[in-house]
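Below is one structure; the comments refer to it alone.
Note: hydrogens, waters and symmetry copies are ignored here, and every other heavy atom, side chains too, is used. As the structure lists them, so they are numbered: ligands from 1, and atoms in each ligand from 1. Counting from 1, the numbers follow the sequence of the chain as shown.
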Amino acid sequence: MAGQKALAAKLAKVAEEAKGCTRCSLYRNATQTVFGEGPVGAKLMLVGEQPGDQEDIAGHPFVGPAGKLLDRALADAGIDRTQVYVTNAVKHFKNEPRGKKRLHKKPNRYEVEVCKVWLAQEVSLVKPALVLAMGVTAAEALAGRHVTLARERGKELDFGESQPGMVTVHPSSILRVPDRTARHEAYAELVKDLKSALKVLQAA
Ligand code: URA
């Protein structure tokens, strides 16, 4: 326990440092750094791409529409979100102002690369038993190589740390599926991947 307290204190210090991050230019258009959240020692770490509009305003990861879908999928898979560490590969919201709206823009390779310093510290301090990347941006940041979702989803991957990694879809991609039936199927696949992650954890 004492060890966990020390790790939590270190993680809080890293989160504080990340608040002032100017390693790339994304901080200029964002409200704030959105650092990961969840308990140190969480068995499962979920990694998304970057905070969205609502996360940027709230300062918390996965609280907007994608977060609501993720909450439902976690519950359907029998996973308690309060026991999971949830973070993103990139800690600032990359967007393009368009009238009153801010359009989400995909982070480029450089932005993902310089942001890895935060993700690496989260992984090494939280020490999860499994890291589940949600989407290719997160998977590639963790694996340090090109990742093909269709081929690699559901398998155990090497994310360069001692714990295994896995990849699933990004919850936002499900929200973008136009056809209702296909959307339900994509959602069911996400729940299936979360259940597979749970199985890996139970076997660990
Ligand atoms: N999409 C992400 O990748 N992360 C969030 O925190 C919210 C939406």
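No N or O atom of P61 sits closer than 3.5 Å to an N or O atom of ligand 1.
No cation-pi contact links K19 to F35, judged by a cut-off of 6.0 Å to the six-membered ring centre and 45° from its axis.
Both V40 and L130 are part of a single hydrophobic cluster, where members link through side-chain heavy atoms under 4.5 Å apart. Linking Ile, Leu, Val, Met, Phe, Trp and Tyr residues whenever their side-chain heavy atoms come within less than 4.5 Å places L175 and M134 in a single cluster. Using a 4.5 Å cut-off between side-chain heavy atoms of Ile, Leu, Val, Met, Phe, Trp and Tyr, with links allowed through other members, V63 and Y85 fall into different hydrophobic clusters.
Using a 4.0 angstrom heavy-atom cutoff, G64 does not count as in contact with ligand 1.
Atom numbering of ligand 1 starts at 1 in the shown order; those under 4.0 Å from a heavy atom of P51 are 5 (C), 6 (O). Within ligand 1, counting atoms from 1 as listed, the ones closer than 4.0 Å to a heavy atom of N88 are 2 (C), 3 (O), 4 (N), 5 (C), 6 (O). Within ligand 1, the atoms closer than 4.0 Å to a non-hydrogen atom of G48 are 3 (O), numbered from 1 in the order shown.
When hydrogens are left out, the protein atom nearest atom 3 (O) of ligand 1 is H170 NE2, 2.6 Å; that is the closest non-hydrogen contact. Among all protein heavy atoms, the one lying closest to atom 6 (O) of ligand 1 is F62 N, 2.8 Å. The nearest protein atom to atom 5 (C) of ligand 1, hydrogens excluded, is given as Q50 O, 3.4 Å; this is a heavy-atom distance.
With no hydrogens or angles considered, no side-chain donor-acceptor pair links H170 and E49 at under 3.5 Å. Side-chain contact check for H104 and Q50: at least one donor-acceptor pair (N or O, by modelled atom type) lies under 3.5 Å. Judged purely by distance below 3.5 Å, without hydrogens or angles, the side chains of H60 and E55 never pair a donor atom with an acceptor atom.
Of all the heavy atoms of E49, the ones lying under 4.0 Å from any atom of ligand 1 are found in both the backbone and the side chain.
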